[in-house]
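Position 1 is the first residue of the sequence; numbering continues from there.
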Amino acid sequence: MSNLLDGYPVVTEIPVAWGEMDALNHVNNVVYFRYFETARLEYFAGIGLMEEMKATQTGPVLSETSSRYRRPVTYPDTLLVGSRVAELTKDSFVMEYKIVSKQQGVVTTSGSAKVVMFDFAQQKRANLSLTLIEKMASMQPELNVCVPTD
């Protein structure tokens, strides 16, 4: 099952809660965005993004997100959520997610999110720091880090 998440440097384990199911007896579609958020924050922790935000007042803002549901998930189950950065620009990056059900042994859901860096003090977009770019590159050696500097 671990090979289903090859290429995803951060894998977050999330137990499915009974209350996440809807009237059709499977995890509600909205809940997957919480799963993605949990995985995204674990990735951010791995690169020190939230600590940098405290120091610089520059941090991530979710610009857009999407999900593709392949198979329903039901309680009880435990999910493995892989996260990685798929695209990188000077002021934003796209994350990809893949969810694997331990019970089913297959990919149940995939998703993506565009994250824009934002200077909260000046209320405008900001560039990713070189430190964050280097940490992403060390987590994902295959990541294209040719980021324009203008």
Quiz item: Given Leu88 and Asn144, is the side chain to side chain contact (heavy atoms under 4.5 Å, CB included) satisfied, shown in steps?
Solution: CA-CA 7 Å; Leu88 184 63; Asn144 180 2; over 6 Å; no
Quiz prompt | Worked verdict on His26 versus Asp22 for side chain to side chain contact (heavy atoms under 4.5 Å, CB included) | solution = CA-CA 6 Å; His26 58 76; Asp22 61 19; 3.8 Å; yes
Practice problem: Step by step, work out the side chain to side chain contact (heavy atoms under 4.5 Å, CB included) result for Glu42 and Val81. | Solution: CA-CA 10 Å; Glu42 189 167 329; Val81 185; over 6 Å; no
Quiz prompt | Between CG on residue Asp77 and CD1 on residue Ile14, distance to nearest 0.5 Å | solution = 11.5 Å
Quiz item: Which atom names give the shortest non-hydrogen contact between Glu20 and Tyr35, and what distance separates them?
Solution: OE1-OH, 2.6 Å
Practice problem: Locate the shortest heavy-atom distance separating Ser67 from Phe33; write the atom from each residue and the value. | Solution: CB-CZ, 3.7 Å
Quiz item: In Å and rounded to the nearest 0.5 Å, what is the NZ to CZ distance from Lys135 to Phe44?
Solution: 13.5 Å
Exercise. Begin with the C-alpha distance, continue with both residues' side-chain angles, and end with the deciding distance and a verdict on side chain to side chain contact (heavy atoms under 4.5 Å, CB included) for Leu132 and Met117.
Key: CA-CA 11 Å; Leu132 289 177; Met117 294 304 289; 4.1 Å; yes
Quiz item: When rounded to the nearest 0.5 angstrom, what is the spacing between CD1 in Ile47 and CE in Met136?
Solution: 4.0 Å
Quiz item: Taking the six-membered ring for Trp, are Tyr75 and Trp18 parallel (under 30°), tilted (30 to 60°) or perpendicular (over 60°)?
Solution: perpendicular
Quiz item: OG1/Thr38 to OH/Tyr97 distance, rounded to the nearest 0.5 angstrom?
Solution: 10.0 Å
Exercise. Kindly give the heavy-atom pair with the smallest separation between Phe118 and Gln123, and that separation in Å.
Key: CZ-C, 3.4 Å
Exercise. Tell me, please, which residues at least two apart from Arg68 pass side chain to side chain donor-acceptor pair (under 3.5 Å).
Key: none
Self-check item: Shortest non-hydrogen contact between Tyr32 and Tyr69, atoms and distance
Solution: CD1-CE2, 3.4 Å
Could you tabulate the donor-acceptor pairs under 3.5 Å formed by side-chain atoms of residues 105-114, not counting sequence neighbours?
from: Ser110; atom 1: OG; to: Arg70; atom 2: NH2; distance (Å): 3.3
from: Ser112; atom 1: OG; to: Ser66; atom 2: OG; distance (Å): 3.0

Quiz item: If every non-hydrogen atom of Arg84 is compared with every non-hydrogen atom of Asp6, which pair is closest and at what distance?
Solution: NH1-O, 4.3 Å
Self-check item: Joint hydrophobic cluster, Met50 plus Met95, side-chain heavy atoms closer than 4.5 Å
Solution: yes
Self-check item: Nearest-0.5 Å distance that lies between atom CG in Leu4 and atom OG in Ser101
Solution: 10.5 Å
Quiz item: Can you name the nearest heavy-atom pair linking Thr74 to Asn25, along with the distance?
Solution: CG2-O, 3.1 Å
Exercise. Decide whether Arg71 and Gln104 meet the rule of one side-chain donor and one side-chain acceptor closer than 3.5 Å.
Key: yes
Quiz item: In Å and rounded to the nearest 0.5 Å, what is the NZ to CZ distance from Lys98 to Phe36?
Solution: 12.0 Å
Report, one line per pair, each donor and acceptor closer than 3.5 Å where one atom sits in a side chain of residues 56-63; sequence neighbours left out.
from: Thr56; atom 1: OG1; to: Glu52; atom 2: O; distance (Å): 2.8
from: Thr56; atom 1: OG1; to: Thr58; atom 2: N; distance (Å): 3.2

Quiz prompt | Single-linkage hydrophobic cluster, 4.5 Å side-chain cutoff, Val116 and Val94 together | solution = no
